[in-house]
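Basis for what follows: all heavy atoms, side chains included, without hydrogens, waters or symmetry-related copies. Proteins get letters first, then strands, A, B, ... in listed order; numbering begins at 1 in each.
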Amino acid sequence: MTTDTAPEAFTPRSEFIRVMQERGYVHQCTDLTALDAAAAEGRFTAYVGYDCTADSLHIGHLISIMMLRWFQKTGHRPIVLMGGGTTKVGDPTDKDQQRPLLTDAVINANLASIRRTFSKFLTFGDTGGGALMVNNADWLEKLGYIEFLRDYGVHFTVNRMLAFDSVKLRLEREQPLSFLEFNYMLMQATDFLELYRRHGCRLQMGGSDQWGNIINGVELVRRVEGKPAFGLTTPLLTTSSGQKMGKTLGGAVWLNAEKLSPYDYWQMWRNTEDADVGRFLKLFTELPLDEIARLEALGGAEINEAKKVLAGEATTLLHGREAADTAAAAARAAFEEGRLSEDLPTVEVSAADLAGMSHTALMVAAGFASSNGDARRQIAGGAFRIDGVKVSDAAALVALSGPEAELRKGNARKRLVVT
RNA sequence: GGGGGAAUGUCCCGAGUGGCAAAGGGGGCGGACUGUAAAUCCGCUGGCGUACGCCUUCGUAGGUUCGAGUCCUACUUCCCCCA
């Protein structure tokens, strides 16, 4: 098995691979040269798989979504594979424990919700380069056990399966790996084969943690169909200081607007570390590379301009230009001009409620604290401001000077209270 | 089948002699410094109450004790050794 690791000296012929390389999407590829040649010949089909464990995708998925988007933009046909079937089994990769098994109803609801996000990045359609969304429950659930073993099981040796990191890790850490989970890689491999048969799909892409799973699919297509198939992975996304992305918001960075407002999404990008700006501009915007090079070169505080461009472009892709502009305007007013902005996320409190409300309660209502105790501790630490004035007495009643006021937690988190 | 270990603050790792809301890390949040950055230093990191306080937490269920994460019994899951 060939496992090139992002070869440096290589000039791609296909636009797709060229873009992938230039913008930093390539981590590993089964055979980059051959994939490039194949992609240069004409329309190609590739897929990325997503599970349905949550009702929204998060920032960790974004890199592969962008990859599919570029794939389509460069003339190819992307397939979004929803793991309605595999979600019922659970990927053992990088997990200590078995995932809770979800019901059909939940999986289907999640699937519908996730579909809306994809429609912002891809153009779906049955013709030519139109993107497809398919659910592997469609074929996995029909599979009989004997049939499965005979048709697919013969192609996998346990010897090799045991060598995969996802399995090895569990065994080394002496953590249980159920037989159910052990089968996950077989199921994922059959997905590739099925997509090859149904849609002529010859490439699976994904995060570097999926490498093992992807390899299995590639091998299966090669063995059963005797046709070349490819795998391509992206680097794991971390910030320069080694943190998970989006830590500033304390929690997952969701892509659904109902779970994370466009304003907060914009802020997340705005707070990118200096060292990450160039890399993120390449991965998460579609700005030309020379423009990115210019922005990246900005020194000192000027790099903040580049961060605003990053925030604007990334937010536009997900939530649209209007939402991005509104978020930018809100941030400008609140942070740079120091005035009240109507466009900040708001917290509504009735006048009657506000009359007897303590600072503690207001902070909880604003979503700045998870409990009264948390709010008191935060206030003791000087974290909470109303119209720029630090709140010192947790128990004191809230006294606003007008019908609206700006709430602030820490340096960067702002909300508007409206009575 | 027999013998020996292990499960801790619902983010993770991890100490714990019968008086424990429970050491220490990591992570997260906040303060200072800055540029809504990083690095650094400092503080906080179960719930309720203004407060002496009350409640809920150490795999599950019982028991001993004034008092149990700590002792006993059964069960669950995992690891190791023997067969």
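Side-chain proximity of A:Lys307 to B:G49, B:A38, B:G35: nearest is B:G35. Relative to the side chain of A:Arg376, the nucleotides B:U50, B:G35, B:U36 differ in distance, and B:U50 lies closest. Each of B:A38, B:U36, B:G30 was ranked by its minimum atom distance to the side chain of A:Glu273; first place goes to B:A38.
Pairing partner, B:G35: none, since no Watson-Crick or wobble contact has both distances short of 3.5 Å. The nucleotide B:C71 finds its pairing partner in B:G63, both defining distances of the Watson-Crick or G-U wobble pair being shorter than 3.5 Å. Across all strands shown, B:U17 forms no Watson-Crick or G-U wobble pair with both key distances under 3.5 Å. For B:A6, the paired base is B:U77 (Watson-Crick or G-U wobble, both distances below 3.5 Å).
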Derivation and outcome, ring pair (Phe, Tyr, Trp, His ring centres under 6.0 Å), residues A:Tyr265 and A:His319 | CA-CA 9 Å; A:Tyr265 188 72; A:His319 296 301; 5.4 Å; yes

Is there a salt bridge (charged side-chain N to carboxylate O under 4.0 Å, His left out) between A:Arg415 and A:Asp264 once you walk through the steps?
-> CA-CA 10 Å; A:Arg415 296 275 114 107; A:Asp264 285 325; 2.8 Å; yes

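When heavy atoms are screened at a 4.0 angstrom cut-off, A:Ala331 is found touching base atoms of the nucleic acid. Backbone-only engagement by A:Lys409 is indicated by non-hydrogen atom pairs under 4.0 Å involving sugar-phosphate atoms exclusively. Residue A:Ala383 is classed as a sugar-phosphate contact, given heavy-atom separations below 4.0 Å to backbone atoms only.
No side-chain donor from either of A:Ser371 and A:Asp374 sits under 3.5 Å from a side-chain acceptor of the other.
Remark: the A:Asp374 side chain and the B:U45 base include no donor-acceptor N/O pair separated by less than 3.5 Å. The base of B:G30 does not come close enough to the side chain of A:Asn411 for any donor and acceptor atom to sit less than 3.5 Å apart. Counting distance only, with no hydrogens placed and no angle test, the side-chain atoms of A:Glu336 and the base atoms of B:U36 include no donor-acceptor pair under 3.5 Å.
Nucleotides B:U34 and B:C44, compared at atom C1', are 22 Å apart to the nearest Å. Taking atom C1' on both B:C55 and B:G63, the two are 24 Å apart, rounded to the nearest angstrom. B:C58 and B:G16: their C1' atoms are spaced 10 Å apart (whole Å). Taking atom C1' in both B:A22 and B:G46, one finds a spacing of 12 Å when rounded to whole Å. Comparing B:U73 with B:C78, their P atoms sit 22 Å apart, to the nearest whole Å. Comparing the P positions of B:U45 and B:G24 gives a spacing of 11 Å, expressed to the nearest Å. B:G43 and B:U50: their C1' atoms are spaced 23 Å apart (whole Å). Taking the P atom of each, B:G69 and B:U56 are spaced 12 Å apart, rounded to whole Å.
Taking atom CZ on A:Arg385 and atom P on B:U36, their separation rounds to 13 Å, with Å as the unit. Look at CG on A:Asp393: it is 14 Å from C1' on B:A51, rounded to the nearest Å. Distance CE (A:Met363) to P (B:C29): 13 Å, rounded to an integer number of Å. Across the protein-nucleic acid pair, A:Ile303 atom CD1 and B:A38 atom C1' stand 11 Å apart, rounded to whole Å. One can place CZ of A:Arg413 at 12 Å from C1' of B:G28, the figure rounded to the nearest angstrom. As rounded to whole Å, 10 Å separates atom C1' of B:A37 from atom CG of A:Asp276. If you take CD of A:Gln378 and C1' of B:C44, they are 8 Å apart, rounded to a whole angstrom. Distance, A:Leu397 CG to B:U50 P: 11 Å, rounded to whole Å.
Summary of the strand contacts: A:Gly373 and A:Asp274 both lie near RNA chain B, and taking for each the nucleotide with the nearest heavy atom, the more 5' one is attributed to A:Asp274. Along RNA chain B, the nucleotide nearest to A:Ser370 and the one nearest to A:Gly300 differ in position, and the one closer to the 5' end is contacted by A:Gly300.
The side chain of A:Lys390 contributes an N or O atom lying less than 4.0 Å from OP1 or OP2 of B:A32. A sub-4.0 Å separation between OP1 or OP2 of B:G47 and a side-chain N or O of A:Arg377 is present. Residue A:Ser371 has a polar side-chain atom (N or O) positioned under 4.0 Å from OP1 or OP2 of B:C48. A close approach under 4.0 Å does occur between a side-chain nitrogen or oxygen of A:Asn372 and OP1 or OP2 of B:G49.
Electrostatic pairing of A:Asp325 and A:Arg332 does not count as a salt bridge here, judged by no charged N lying under 4.0 Å from a carboxylate O. A salt bridge links A:Glu313 to A:Arg321: one of the charged nitrogens lies within less than 4.0 Å of a carboxylate oxygen.
Under the 6.0 Å cut-off for aromatic ring centres, A:Phe44 and A:Phe16 do not qualify, their centroids lying 6.0 Å or more apart.
A distance of 9.5 Å separates CG of A:Leu407 from CG of A:Leu344, quoted to the nearest 0.5 Å.
Glycosidic conformation of B:C48 is anti; the angle lies outside 90° of 0.
Both tests do not hold together for A:Lys142 against A:Trp139: distance to the six-membered ring centre under 6.0 Å, angle to the ring axis within 45°.
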